[in-house]
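Here the structure is laid out as structure tokens; the discussion comes afterwards.
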Protein chains: 2
Amino acid sequence: MDHPNRCENCIVRKFNSLRAMSKEELKAVSDSKVTKQVKKGEMIFDEGEKLNGVYCVRGGVSKLSKLSPNGKDQIVKLASKGEVLGQRSVIAEESSNLSATAINDMEVCFIPKEIIVSTLHKNPDFTYEVLRHMAHDLKEADDVIVNMSQKSVKQRIAEALLYMKTHFGEDKEGYLALVLSREDIANVVGTATESCIRILSEFRKEKLIRTTGKRMAILEERKLQDLVDGF
Amino acid sequence: MDHPNRCENCIVRKFNSLRAMSKEELKAVSDSKVTKQVKKGEMIFDEGEKLNGVYCVRGGVSKLSKLSPNGKDQIVKLASKGEVLGQRSVIAEESSNLSATAINDMEVCFIPKEIIVSTLHKNPDFTYEVLRHMAHDLKEADDVIVNMSQKSVKQRIAEALLYMKTHFGEDKEGYLALVLSREDIANVVGTATESCIRILSEFRKEKLIRTTGKRMAILEERKLQDLVDGF
DNA sequence: TAAAAAAGGTGACAAGTGTCATATTTCATC
DNA sequence: GATGAAATATGACACTTGTCACCTTTTTTA
């Protein structure tokens with residue numbers, strides 16, 4: 001039973017609420033889960049879809065976004081290793097309010113909702129753990145609301161770059177490990193792609209960042225932070 | 001034991017997660033709760049404050065807001081009868097990320113966190129109920145993010161008016177039951193007070209609304225909705 | 001009730017941002 | 001390695017929105 005592909009042995013679990021599951025519950029999850037490879041650009045689930053379970057991210061990064069009436073895709077959250085997608089919809093028994101798309105190649109485990117829901121009813125520790133995670137997500141969402149409404153596009157882009165550095169790190173050459181297209185960055189901060197490109201060009205000219213193709217490196221973290229804080 | 005001021009008999013409870021509590025738990029809550037009168041403009045708790053419990057709203061309306069670095073107050077949510085304030089912070093064991101201020105005279109019940117937390121550990125139904133509420137709040141927050149970043153100020157104000165009508169209703173004369181200052185409306189939609197006043201004046205000139213002092217009535221719900229949807 | 005303070009209202013102007021048009025570069029695929 | 005498609009880049013311009021200045025009306029307080 002020490003197969004590396006068993007949830008009991010999956011390191012990723014340490015980061016999410018599944019760590020509060022008992023051995024038996026975890027075994028049941030492992031027996032019914034399906035591991036999937038998702039290629040860059042592929043959609044894991046779409047807005048409005050009824051989800052039959054949740055997706056536990058083993059590797060890669062996913063964007064959670066919502067299509068606005070004007071045709072633009074607002075990215076609400078970036079999810080990586082250890083995060084569980086679709087939890088909210090399964091718990092509220094509603095169709096998904098967001099779509100999930102792979103930003104790079106991903107490995108995710110699909111876990112049927114029956115197991116999640118029954119564990120929620122039987123194991124209060126697990127429910128409490130899920131609740132704590134959701135409380136955290138809600139706080140982050142509040143922060144995003146304030147940033148969106150009170151900060152300029154330039155400040156939001158600076159913040160997004162710093163976020164990418166602290167949450168996804170850098171490679172050996174100092175480039176941000178998470179590579180996002182200009183369009184995706186624009187969709188994270190809620191602006192037009194052209195505005196995003198323009199401001200990144202500005203940052204480059206001011207030597208706050210450097211770029212090679214779509215790879216970007218932060219040169220002046222301090223100055224970017226000052227910008228975010230309004231000088 | 002049929003005192004009207006006992007939680008067991010409180011109608012408000014029907015609307016929130018406390019309905020999942022057992023008779024005994026509810027009795028304990030009732031014995032330790034403190035009912036407070038909060039006057040218009042008074043703060044219930046402030047951003048950054050450590051909360052020793054939650055506040056159950058019996059009457060009146062509260063704004064939950066967050067001060068942005070530029071000195072503006074972003075209203076994230078309006079809470080009325082039945083809603084529980086401070087839940088998120090108590091569950092995550094963090095200081096509050098928002099402040100709560102009375103928009104009109106309020107009556108709230110303070111419930112010490114110990115009772116909430118211990119019930120969360122003992123009663124899975126209650127935990128699940130709280131979880132479902134928080135899942136709903138999170139969805140609403142996602143929607144706010146998309147609105148903030150993708151809609152114009154005019155659209156957001158139109159939406160805020162419609163929201164006030166559907167959530168708080170109208171009085172006999174057709175005026176919105178919830179009376180907000182122009183500044184508060186501006187803080188809900190994340191714009192400057194002057195811009196808000198200007199757009200409301202515009203709506204008035206176009207006969208979409210009518211105003212008497214700070215009381216406002218919606219005349220053309222359909223047209224406002226069309227505006228929100230981008231014609 | 002008068003005076004002071006707060007809220008509502010409007011104009012003028014500047015700054016920020018979105019849109020459209022059009023190059024240019026990079027990337028994927030044969 | 002060539003070729004077409006997608007992504008990046010930049011200019012021009014209009015529109016939206018914020019800021020400041022000032023005035024009027026309403027509300028609060030002495």
Side-chain angles (χ1 to χ4, degrees), chain A residues 39-42 68-74 101 103-105 147-158 160-161 175-176 179-206 209-216 227-228 230-231, chain B residues 39-42 68-74 101 103-105 147-158 160 175-176 179-206 209-216 227 230-231:
Chain A
K39 286 216 200 68
K40 177 180 172 176
E42 271 182 29
S68 85
N70 65 34
K72 281 199 183 150
D73 210 38
Q74 177 64 38
T101 311
I103 282 191
N104 41 40
D105 291 349
N147 281 339
M148 282 298 180
S149 52
Q150 305 286 6
K151 290 191 176 147
S152 69
V153 172
K154 191 182 282 190
Q155 289 177 305
R156 268 140 55 199
I157 290 180
L161 294 175
Y175 288 104
L176 292 174
V179 176
L180 288 182
S181 70
R182 303 290 194 266
E183 187 178 6
D184 277 339
I185 297 178
N187 290 344
V188 166
V189 304
T191 190
T193 308
E194 294 95 324
S195 297
C196 177
I197 290 173
R198 222 180 290 275
I199 286 171
L200 286 174
S201 298
E202 219 177 286
F203 285 171
R204 189 170 357 94
K205 280 168 197 155
E206 292 166 5
I209 63 170
R210 78 191 142 87
T211 63
T212 308
K214 55 197 310 181
R215 296 199 306 159
M216 292 190 305
L227 224 170
V228 172
F231 307 121
Chain B
K39 285 214 201 70
K40 176 179 173 180
E42 272 183 27
S68 85
N70 65 36
K72 282 200 182 147
D73 209 38
Q74 176 64 39
T101 310
I103 282 191
N104 40 39
D105 290 349
N147 281 340
M148 283 298 178
S149 52
Q150 305 285 5
K151 289 191 175 144
S152 69
V153 172
K154 191 182 283 191
Q155 288 176 306
R156 268 142 53 200
I157 290 180
Y175 289 104
L176 291 174
V179 176
L180 287 182
S181 70
R182 304 290 195 264
E183 187 178 5
D184 277 339
I185 298 178
N187 290 343
V188 166
V189 305
T191 189
T193 307
E194 295 95 324
S195 298
C196 177
I197 290 174
R198 221 180 289 275
I199 287 170
L200 286 174
S201 298
E202 220 178 287
F203 286 171
R204 187 168 0 94
K205 280 169 197 153
E206 292 167 5
I209 62 172
R210 79 192 140 88
T211 63
T212 309
K214 55 198 310 181
R215 296 200 304 159
M216 292 190 304
L227 225 170
F231 308 119

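Numbers restart at 1 for each chain; the letters A, B, ... are given by sequence-line order, proteins then strands.
Remark: side-chain polar atoms of Thr212(A) are not paired, donor with acceptor, to backbone N or O of Arg215(A) under 3.5 angstrom. A side-chain donor-acceptor contact under 3.5 Å links Asp105(B) to the backbone of Lys40(B).
Atoms CD1 and OH, from Ile209(A) and Tyr175(A) in turn, are 11.0 Å apart once rounded to the nearest 0.5 Å. Rounding to the nearest 0.5 angstrom, the gap separating the CD1 atom in Ile197(B) from the CD1 atom in Ile185(B) is 9.5 Å. Considering CG of Leu176(A) and CG of Leu161(A), their distance stands at 6.5 Å, rounded to 0.5 Å. Note that OG of Ser152(B) and CG of Leu227(B) are 7.5 Å apart. Values are rounded to the nearest 0.5 Å.
Looking at residues two or more places apart in sequence or on another chain, you find a side-chain hydrogen bond (donor to acceptor under 3.5 Å, both in side chains) between Asn147(B) and Lys151(B), Glu159(B). Every residue two or more places apart in sequence or in another chain that forms a side-chain hydrogen bond (donor to acceptor under 3.5 Å, both in side chains) with Asp184(A) is listed here: Lys63(A). Scanning for side chain to side chain contact (heavy atoms under 4.5 Å, CB included) contacts around Lys214(A) gives Val179(A), Ser181(A), Arg182(A), with sequence neighbours left out. Judged as a side chain to side chain contact (heavy atoms under 4.5 Å, CB included), and not counting sequence neighbours, the contacts of Thr191(B) are Val153(B), Ala186(B), Val189(B), Ser195(B), Cys196(B). Shown here are the side-chain hydrogen bond (donor to acceptor under 3.5 Å, both in side chains) partners of Gln74(A), two or more places apart in sequence or in another chain: Ser149(B), Gln150(B). In this structure Thr193(B) satisfies the side-chain hydrogen bond (donor to acceptor under 3.5 Å, both in side chains) test with no other residue, sequence neighbours excluded.
The end-to-end axis angle of the helix from dT1(C)-dA30(D) to dC30(C)-dG1(D), rounded to 10 degrees and based on five pairs per end, is 60°.
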Nucleotides 7-10 of chain D: which of its N/O atoms have a protein N/O under 3.5 Å away?
| unit_1 | atom_1 | unit_2 | atom_2 | d |
| --- | --- | --- | --- | --- |
| dT8(D) | OP2 | Arg182(A) | N | 3.1 |
| dA9(D) | OP1 | Arg204(A) | NH2 | 3.1 |
| dA9(D) | OP2 | Arg182(A) | NE | 3.0 |
| dA9(D) | OP2 | Arg182(A) | NH2 | 3.1 |
| dT10(D) | OP2 | Ser201(A) | OG | 2.8 |

List every contact pair, protein side and nucleotides 28-30 of chain D side both N or O, where the distance is under 3.5 Å.
none

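OP1 or OP2 of dG18(D) has at least one side-chain nitrogen or oxygen of Ser195(B) nearer than 4.0 Å.
Across Ile157(A) and Leu200(A), no two heavy atoms sit closer than the pair CG2-CD2, 3.9 Å. Contact detail for Met216(A) and Thr211(A): the closest heavy-atom pair is CG-CG2, 3.6 Å.
Within the structure, salt bridge (Lys or Arg N to Asp or Glu O under 4.0 Å) contacts touching residues 187-206 of chain A (residues at least two apart or in different chains) are Lys154(A)-Glu202(A).
Along DNA chain C, the stretch of nucleotides lying under 4.0 Å from any heavy atom of chain B spans, 5' to 3', dG8(C) to dA12(C).
Sorted by residue number, the list of members of residues 150-158 of chain A with any non-hydrogen atom under 4.0 Å from DNA chain D is empty.
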